[in-house]
Amino acid sequence: MPKLKINGKDVEVPAGATIIQAYKASGQDICHYCWHPGLSVAGVCRLCMVQVEGIPKLQIACNTEAKDGMVVNNNSEMVKETVKWGLDFHLINHPLDCPICDQAGECGLQDQYMQFGAYDPEMAEQKVKKSKVVDLGPTVVLDSERCILCSRCTRFCDEVTKTSELGIFNRGDHSEIGIVEGKPLNNNYTLNTVDICPVGALTSKDFRFRQRVWYLKEADSICPGCSTGCNVKVHYNEEGLWRVKPRVNPDVNGHWMCDVGRNTYKYVNIKNRLLAGKVGRRDSWMEMSPNDATRTAGMRLKDVVDKHGPESVALVLTGQYTNEEYKDLLVYFVTGLKLKNIFHWVNNPEKLNDFDGLLFRGDRNPNTKGLEAALKLAGSKGRWEDLQAGLNGKKIKAVVVAGPEDQSVYPDMNEKVALFAQADNLVWFTACPSDALNGSGAETWQIPVKTHAEKAGTFTNFQGKEQKFPLATTIVPQALTLSEAAEVLAGKELNWALRPKSLGGAKNNYATTERGAL
Amino acid sequence: MQQTKLLSEHYDKPEFQNLDGYKKHGGYAVLAKALKMDPKAIIEEVKASGLRGRGGAGFPTGTKWSFLPANGEPRYLLCNADEGEPGTFKDRLMMERAPHQLIEGMIISAFAIGSKKSYIYIRGEYDYSIACVRKAIDEAYKAGLLGKNILGSGFDHDMDVYAGAGAYICGEETGMISSIEGLKGQPKLKPPFPAVQGYLRKPTIVNNVETLAAVKYIIRDGAAAYRKYGTEKSPGTKLFSVSGNVTKPGNIEVPLGISLKDMIEMCGGLKPGRKLKAVIPGGSSAPVLTADEAMKATMDYECLAQMGSMLGSGAVIIIDDSNSMVDLLDVIMHFYHHESCGQCTPCREGTGWLSKIVHRILKGDGEPKDIDLIKKVSEQMMGKTICALSDAAAMPAISFVTKFRGEFEQHLQKARTTSGGVAHA
Amino acid sequence: MFTLSAEGQELVKKELTRYETPYSAIIPALYRVQKENGWVPEDAVLHLSQLMNLPASHINEVLHFYTMFNKKPVGKLHIQVCTNVSCAMNGGRELADALCKRFNVKYDEVSADRKITISRVECLGSCDTAPMMQVNDRYLENLTPELAIKKITEMGG
Amino acid sequence: MSLVKRPSPAAQWYLPGILAGMWFTLKKMIYNIFNQKKMVTLNYPEEKYEYSPRFKGNHVLTVKKDGSIRCTACMLCATNCPAQCIKITAAEHDDPTVEKYPIAYEIDVLRCVYCGFCEEACPVDAIRMGPEWQTAGLAGSKFTYDIQQLAYRPQLKGGVQSVLDDQERHKKGI
């Protein structure tokens, strides 16, 4: 464990670490672009210059191994001057159209210029013109002029995904990132290149020009896309969620996440959500507040249990809810209603153990392990055949389903609705509306529930690692979590003072929208 | 003054290109001698001779060889024949006139460092050289001088030619390694140095054509005999490529330490009626010498280093007073702009910037602050990048504008007066 | 799509095993494409990528890094005039201009009769014989504009 | 108890004062009838006052030479707006040199405080505050100006062109 002095501060780093890692460990600032902790060292931006005592020439911190007793600084005049010029060199051919650029606000070049540069530029020559708005593939757009050739994206494609779609073509200041025609940037991890791009050269087609980043807030979350449980940040404003980015966790996802996981914000947004509870059956639905819908469903369930005994009610759970919700729901059903018929709806059993070798898993539920643990605790022995037999034999009169939050990963949605609708009563908790449900033949309660971004909780990932996440924002304030639903089903009142309020959506002037003709 | 012909002794004999002709002049006798020696003794001999790399950096060859780690990993010997430095043409001549001399030197060197495979990386433009060396290697294989069990010594060695495809940067040793590995010829980060992790991350020695050929003569005559030529710190002879405004430009072989004045005379002197203006003593990346400095200079590593220039690859470009220094700097800067590999930012952007400023001055759009700007930009490019191309571009820029500042200022003056007296503020 | 001849494919396959890493065969393969086609078209990269089982982007990187691969069609005679220091001092640039004027072609473009392309290139390592030029792979040295034009016409330009 | 002070006897003669006032009015009226040009008042709304071009009145979106909108939808105006009355929806343009443009640009002028921060924030001279100031209307919803209104309202006669055009800006290396 070498000990070294960085800007006068003692730091201890693991053997083999570089000076830049020591800087990060010591919490001090160092200017850099091309170095990324998840990639190999390229050493091409030449900005992480440091002065090492005893070495006359400045060294780059990313390729210099930290040795015991080293005295390093990056606040001497010489280093500052070099970094300043290094930034100037970066900006020579970089267009200064920050207002148009989508990266503005989270741009490495902007940030570091303000921190380390801030000089009077002397460049008065024509900038090199390169291609703009290059379509790299289904997800990413390239602006070559903005590229500072840090080579992070090419290294990512070479080292992490090993697909090598991107290359740096030509040489000198005509170098351009690009793809070979016919080989687009098309894998499940493309948007990581957008994340690691320190400038606005690579932008995501999905997010590009949709929002300025300074309007967005971010909150920690866990990706609900598959059982890997990548640690993510969701970016949102009062209009809803706009994108999902990975958060570093070396134990789970490292620095990356997959493109599939990045789409999980979409069904959370208000236009895709079930906003009110719906009670009724095919073609005749009555809307009511989620709270009322749940209460009436609870009363019906009690009736069924009273009349036909607890065997007549079945509870079907999907692996898309938090451990806390499972617990609360099971407490009510197992101890309250004395239910034994508890089943685990597995969406794609044949693909459950698929793995692409990097992050993405075939089990598209974030909390299968958590659900299994909860079921075990509840003593459930529910086998799917029993449910089927019970439904066919009309023994089961009511089915309660904690339906999938993300219906797109449940290809058997129609089939299962038809199956459960054989019972007379169907209580279905769902975050999004579903055509299958709207065609249900049983008397059905569609009760809107919160999505992962709207509640705090814990997911247990495929490793059995429990990952807590906080509430990020509230999109549908009236929707319930399963824990709340369990309370309401039991006939209790919710504490309305504690419930989240609506965020108001887009700002409106009442004067122009509500006041009509004078 | 006469040339001291050691390496170039038989250049003018056409039969020297073939194995038979080469053997007639004592070819491969030294190899037989070397293969009986202890490899360590060869390295010691080369160390004792004080031979310094002839490619440009002038690093002592024996010392370089001793950096190889003592492990069982396969080692590679790469011969750098990517002679791209403007003004240099010594290696091309050797490969065309005496390819076996190079091959013999390489086998000896490979034996010394224990390498079983070597490559000669020749720049793609040298089509004829590639053909000559390929032919010579085939001859050597047929004669049992390459392949398994060379001359019954038990030493195996394979040699191949790898043709480049036009990139100055592949003359840099790690750039060349990248190129042979089939990548873009971009230099690699150091450390690790090639002697530790080079070609395919295995220990690798990269030497210039002339260096490897000289090894043969050191083993033939012994280190002491080699040291008789040249100066104390720069021993031996060196091939100089003299070009520019002299009447008889060409390759000459002279001991190091000869005065530049003599060298110009050996090449027939300047054209009648012309005055010496400047000399670039070591290829276009070497800082320029003024006429006064040139008259005092001796051609060895130390003297030129003292004068703030360098011996480089031994490409001496004589510039007389018919040339405009601004024009020449424009040519040189265009070259470096064209050849920057685009990896490190200061070089990628700096070479382009310098080229644009100098071109602007040349075209008459210069501004008074441009001269200082050239200097500032160049200083910030020095020693800030992975390889030395950035320095190679910065050094001539700085030396041109400081030593010939007057000429640059004149150009600015002229620009202002010719554009109707309107100053470009 | 461009494809190599059977013979060319054979050669590329042989080159793949000739060096320690298959990547080393990229430059020889590209040379082969250029030899067969005169220049390296964009789709040759995909062809080589399939043939050699190497990422297309790497092949394209190599293709665009080195100047000796023609990325555009060139004439039957590719005339490369050196305009670096020693040649520039001895009239290399004027020689290039004169050739362009005589053969009525712009730099790096193919002449109307598809015979000639003139490019200005960096040092070709024949500085003692400045000015000089390379026509295809032949060096022509110690030139004057008149001599150069005469030699090119002799070669069929 | 309050003490009422009676006016002085002199003040009880109010008629001369009234007549003096009427005489002054009559004098001015006759003067104005014969000197209509020198009159300071306007016959609003038939006549309208021309404010200086630098008056910060209603917003104008400038257009390029081809008549398309100059705005690049960078949203700096919206960010800077203290009244938060600007709402922009950006979209990708077909022309790669333009990149981004607004498909919707709305200013709620009832909310606007006419501070001019938007025109100061604009990096491309796309929004200006014009001399137009009389914006009476009958419905509140009429006061949310959209692109059509901001850039091409009839009073602007085809739109206001900004000084520099894209090509010129590019030539200057901006």
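Residue numbers begin at 1 in each chain, while the letters A, B, ... track the order of the sequences.
- With a 4.5 Å cut-off on non-hydrogen atoms, Ser175(A) touches chain B through its side chain but not through its backbone.
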**Request:** Under the salt bridge (Lys or Arg N to Asp or Glu O under 4.0 Å) rule, what do Lys369(B) and Glu122(A) come out as? Steps first, then yes or no, please.
**Result:** CA-CA 10 Å; Lys369(B) 62 170 193 189; Glu122(A) 295 183 76; 5.7 Å; no
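- Both the backbone and the side chain of Glu339(B) come within contact range of chain A, judged by heavy atoms closer than 4.5 Å.
- Considering only heavy-atom pairs separated by less than 4.5 Å from chain B, the leading option among Gly43(A), Gly86(A), Cys150(A), Ala124(A) is Gly43(A).
- More than 12 heavy atoms of other residues, nucleotides or ligands lie within 6.0 Å of CD in Glu159(A), so this atom counts as buried by the packing criterion.
- Under the 3.5 Å distance criterion, the side-chain polar atoms of Lys184(B) are matched with a main-chain donor or acceptor of Ile168(A).
- Ile357(B) touches chain A through backbone and side chain together, each having a heavy atom under 4.5 Å away.
- Interatomic distance, Asp88(A) CG to Thr345(B) OG1, rounded to the nearest 0.5 Å: 12.0 Å.
- No more than 12 heavy-atom neighbours from other residues, nucleotides or ligands sit within 6.0 angstrom of CE on Met114(A).
- Within 6.0 Å of the CZ atom in Arg405(B), the count of heavy atoms belonging to other residues, nucleotides or ligands exceeds 12.
- For the pair Pro346(B) and Cys45(A), the tightest heavy-atom approach, listed with the atom from each and the gap, is CD-O, 4.5 Å.
- At least one side-chain heavy atom of Phe89(A) sits less than 4.5 Å from a side-chain heavy atom of Val377(B).
- To the nearest 0.5 angstrom, Arg360(B) atom CZ is 4.0 Å from Glu125(A) atom CD.
- The side-chain heavy atoms of Ile386(B) and Val44(A), taken from C-beta on, include a pair separated by under 4.5 Å.
- Arg46(A) contributes no side-chain N or O that, together with a main-chain N or O of Cys344(B), makes up a donor-acceptor pair within less than 3.5 Å.
- Interatomic distance, Glu379(B) CD to Trp85(A) CH2, rounded to the nearest 0.5 Å: 9.0 Å.
- Both the backbone and the side chain of Met123(A) come within contact range of chain B, judged by heavy atoms closer than 4.5 Å.
- Atom CG of Asn63(A) sits about 13.0 Å away from atom NZ of Lys188(B), to the nearest 0.5 Å.
- The environment of Glu181(A) atom CD is sparse: at most 12 non-hydrogen atoms of other residues, nucleotides or ligands sit within 6.0 angstrom.
- Note that SG of Cys347(B) is 9.5 Å distant from CG of Asp173(A), once rounded to the nearest 0.5 Å.
- Counting heavy-atom pairs closer than 4.5 Å to chain A, the top-ranked of the candidates Gln343(B), Lys190(B), Glu349(B) is Glu349(B).
- The shortest side-chain heavy-atom distance between Arg171(A) and His338(B) falls under the 4.5 Å cut-off.
- Considering only heavy-atom pairs separated by less than 4.5 Å from chain A, the leading option among Cys341(B), Gly350(B), Gly352(B), Ala167(B) is Cys341(B).
- Looking at Leu373(B), the atoms closer than 4.5 Å to chain A (heavy atoms on both sides) all sit in the side chain, from C-beta outward.
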